[in-house]
Amino acid sequence: MKKDSLITHAGRHPERHFGAVNPPVYHVSTILHPSVAAMEQSGKKPFEGVRYGRFGTPTTHAFEEALAAVEGGHKTVATSSGLAAITGALLAYLKAGDHLLMVDTTYFPTRKFCDSVLAGLGIETTYYDPLVGAGIKDLLRPNTRVVFTESPGSLTFEVQDIPLIAEIAHGHGAVVMMDNTWGVLNFQPFAHGVDVSIQACTKYVVGHADAMLGAITLKDEDSWLRVKSSVAAFGHSPGAEELYLGLRGLRTLAVRLRQHAATALTLCQWLQTRPEIERVLYPALADDPGHDLWQRDFTGACGLFGVILKPGFGKPAIEAMLDGYAFFGLGFSWGGFESLVIPTYGHSIIRTASAWDHAAISLRYHAGLEDACDLIGDLEAGFDRLRGG
Ligand SMILES: *Cc1c(COP(=O)(O)O)cnc(C)c1O
């Protein structure tokens, strides 16, 4: 089945629900068991069937089944946010004395978690250059348990050679995790050597900026049971409405993504012609340094990209440009229907293992589903404010 067909059908079982096209939203904590014997039986395989709200309901299972199919994995564990998926996956595999290799361009809260919680638990993190390639072998230690990847990085958009890193990491017995939020439908993690794939479904899967949701997808039953047990032990469980909004968003994900990517490409190509712009950071551009790897490994792009301004613009002028946008809202997150922008300059880009010019004025844009001409008009008026400010 092609992706468009898959997302339309995955996780749907109308025959179980009176023919209802969508699965019902189970608002439930307590599950009644018909007998003590049945209750005891349900404890033998606590994650199968429906036992107690926190372990999952048919709404959870529908979402997890659909996401596993989308990612090309075995089974998925749904979580209450993207960050809960990241921390849940890491804590399922790491213990005191272990070593973690974390990509330097990782989502900032992931870095914060490593430096605070994991450090406190006696788990050491080494950050590595996203473009490390085969050099990852020099960083692997006997106690390196996990190599964590994220490609492209969501602020600076370097594309990692995931198959190469995975092959070397596997040779050392390490588990390869990936934050696949940018790739969503367009990167097949398990076909590229990833063992544990994580998505912040808050972004494109939900797609409407109205719910927080995450997912961890595993390649086999053993790793699924490990992660499911760990996430359950922490008591993380997504809410019924959020799971439903994830399923609902999934049905239109392919068509939305194509539009987001097409608009982003139009904006990026226009931005490349502008005298105010030093560089556009978007791997779908033919002259992007990550383009070849992106073309080899991805089947498409999304609406998220960055720009670096030419030097010399002052903070008031940049703020006048950003504050005055009509369509680009100043907000964190991305993947919703709406266009967004955030300033990423100064030290808001934290790097400890690879170079980044902190004098560079960079911005991150999300191309929403507005008309591309309207968005270009908004950007153009912004440049007028930038030059005039
Ligand atoms: C937003 C984001 C997350 C975290 O997702 P939340 O649902 O906000 O917790 C993780 N990784 C990336 C790349 C993100 O952009």
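Both counts, for ligands and for their atoms, begin at 1 and track the order of listing. In what follows, every heavy atom counts, from backbone to side chain, and hydrogens, waters and symmetry copies are set aside.
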Below 4.0 angstrom, N of the basic side chain to O of the carboxylate: do Lys75 and Glu221 qualify?
yes

salt_bridge(Asp4, Arg258) N-O dist < 4.0 Å:
yes

Distance to the ring centre below 6.0 angstrom and angle to the axis at most 45 degrees; does that hold for Arg385 and Tyr325?
yes

So, is the end of the Arg226 side chain (NZ or CZ) under 6.0 Å from the ring centre of Tyr93 and within 45° of the ring's axis?
yes

Checking the N or O distance criterion of under 3.5 Å, is ligand 1 in contact with Ala84?
no

N/O of Ser154 under 3.5 Å from N/O of ligand 1, yes or no?
no

Using a 4.0 Å cutoff against the non-hydrogen atoms of [X], which atoms of ligand 1 qualify?
X: Leu83; result: 4 (C), 5 (O), 6 (P), 9 (O)
X: Ala200; result: 2 (C), 3 (C), 4 (C), 5 (O), 10 (C)
X: Trp334; result: 15 (O)
X: Glu150; result: 13 (C)
X: Gly82; result: 4 (C), 5 (O), 6 (P), 7 (O), 9 (O)

With a 4.5 Å heavy-atom cut-off, do Thr79 and Ser81 have their side chains touching?
no

Applying a heavy-atom cut-off of 4.0 Å, say which part of Trp182 lies close to ligand 1: side chain, backbone, both or neither.
neither

Does Ile86 approach ligand 1 within less than 4.0 angstrom via side chain, backbone, both or neither, non-hydrogen atoms only?
side chain

[atom]: nearest protein contact (heavy atom, Å):
atom: atom 15 (O) of ligand 1; answer: Lys203 NZ, 2.6 Å
atom: atom 4 (C) of ligand 1; answer: Tyr107 CE2, 3.4 Å
atom: atom 7 (O) of ligand 1; answer: Thr202 OG1, 2.6 Å
atom: atom 8 (O) of ligand 1; answer: Met212 CE, 3.5 Å

So, Glu71 and Ser197: side-chain donor and acceptor under 3.5 Å apart, yes or no?
yes

Say whether Ser339 and Glu370, considering side chains only, have a donor N or O and an acceptor N or O under 3.5 Å apart.
yes

Judged on heavy-atom distance to atom 11 (N) of ligand 1, which of Thr105, Asp179, Thr181 sits nearest?
Asp179

Let me see the working for Asp292 and Arg296 under side-chain contact (heavy atoms from CB on, under 4.5 Å), right down to the final yes or no.
CA-CA 6 Å; Asp292 291 347; Arg296 186 191 72 185; over 6 Å; no

Parallel, tilted or perpendicular: which one describes the rings of Tyr204 and Trp334, with boundaries at 30° and 60°?
perpendicular

